[in-house]
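Notes follow once the structure below has been shown.
Hydrogens, waters and symmetry mates play no part in the numbers below; they use all other heavy atoms, side chains included. Note that the numbering runs from 1 along the sequence shown for the chain.
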Amino acid sequence: MDSSDISDDLTTVLYTREQIAARLAEIAAEIDRDYKDKFPLLVGVLNGAIMVVADLSRALSIHCEMDWMAVSSYGSGTQTSGVVRILKDLSVDLAGRHVLVVEDIIDTGLTLTYLMQNLASRDPASLKIMTMFRKPDAFKGDLEIAYVGFDLPNQFVVGYGLDYAGRYRNLTDVGILAPHVYS
Ligand code: IMP
């Protein structure tokens, strides 16, 4: 699905499939250099990061392994509490591994802060974060983010793995959701 299929649902297309692919190629080149001979483990956080992991891993020239976690955040309504329940844990042992957590979007960063503490306790050789999108105005944590695709405005966006009520994850572009969709 691309933005022309659902153009009434978006107020603005922020990034096209081509722009996302070009930015991922740049980040992949950095990761190729930084992780040469390190056989990194890409940890994707389900479900949003599926597209990023799929495209980033294929843009790399080095070997990598992939594994997945699913988490759910305790909280009321739309507020993230930062307390996280692990719904699906990793299969790979992190001890001594160079781990790169791959995220779709970091908003408050609370979920990821909790996750990083949990992963750090498993003795990885290194632990870094790559996120495709970041909302800087909302970011409350003190996470160090090694690789950022794009900074977003503080609005609700969909596409490229980001959903609203389970929809739009398969949108190839990323855009701002029109208010009539959720009001
Ligand atoms: P936080 O960083 O702990 O606040 O939570 C980040 C999570 O909130 C992401 O993994 C998304 O699932 C969701 N999220 C935050 N902003 C957006 C958005 O603009 N569109 C879709 N999902 C979002």
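Here the CE atom belonging to M66 is positioned 12.5 Å from the CD1 atom belonging to I50, to the nearest 0.5 angstrom. From I129, atom CD1 reaches atom OG1 of T113 across 7.5 Å, with rounding to the nearest 0.5 Å. We find the CG-CG distance between L115 and L110 to be 12.5 Å, quoted to the nearest 0.5 Å. With rounding to the nearest 0.5 angstrom, the NE2 atom of H98 is 11.5 Å from the CG atom of L127.
Checked for salt-bridge contact, D173 and R17 miss the test: no charged N lies under 4.0 Å from a carboxylate O. Using a 4.0 Å cut-off between charged nitrogen and carboxylate oxygen, R23 and E26 count as a salt-bridge pair. Salt bridge status for E65 with R97: present, with a side-chain N to carboxylate O gap under 4.0 Å.
Residue F39 belongs to no hydrophobic cluster, having no ILVMFWY side-chain heavy atom closer than 4.5 Å to its own.
Under the 4.5 Å side-chain heavy-atom criterion for Ile, Leu, Val, Met, Phe, Trp and Tyr, V53 and Y35 are members of the same hydrophobic cluster. Connection of M51 to I6 is not established within any shared hydrophobic cluster, with ILVMFWY side chains joined at heavy-atom distances below 4.5 Å, either directly or through further cluster members. Linking Ile, Leu, Val, Met, Phe, Trp and Tyr whenever their side-chain heavy atoms come within less than 4.5 Å leaves V174 and L10 in two separate clusters. In the hydrophobic clustering of this structure, L171 groups with F156; members are Ile, Leu, Val, Met, Phe, Trp, Tyr whose side-chain heavy atoms approach within less than 4.5 Å, directly or through other members.
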(request) Start with the C-alpha gap between V71 and Y114, add the side-chain angles, then the distance that decides, and say whether side chain to side chain contact (heavy atoms under 4.5 Å, CB included) holds. (result) CA-CA 10 Å; V71 297; Y114 180 92; over 6 Å; no
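There is no side-chain donor-acceptor pair under 3.5 Å between D9 and Y164. A side-chain donor-acceptor contact under 3.5 Å links D32 and S61.
D67 contributes a side-chain N or O that, together with a main-chain N or O of V92, makes up a donor-acceptor pair within less than 3.5 Å. Although no hydrogens or angles enter the test, the distance criterion places no donor-acceptor pair under 3.5 Å between the side chain of D55 and the main chain of V52.
Enclosure of atom CZ in R167 is not indicated, since only 12 or fewer non-hydrogen atoms of other residues, nucleotides or ligands lie within 6.0 angstrom.
The two atoms that bring T11 and P179 nearest to each other are CG2-CD, 3.9 Å, heavy atoms only. For the pair L152 and F133, the tightest heavy-atom approach, listed with the atom from each and the gap, is CD1-CB, 3.6 Å.
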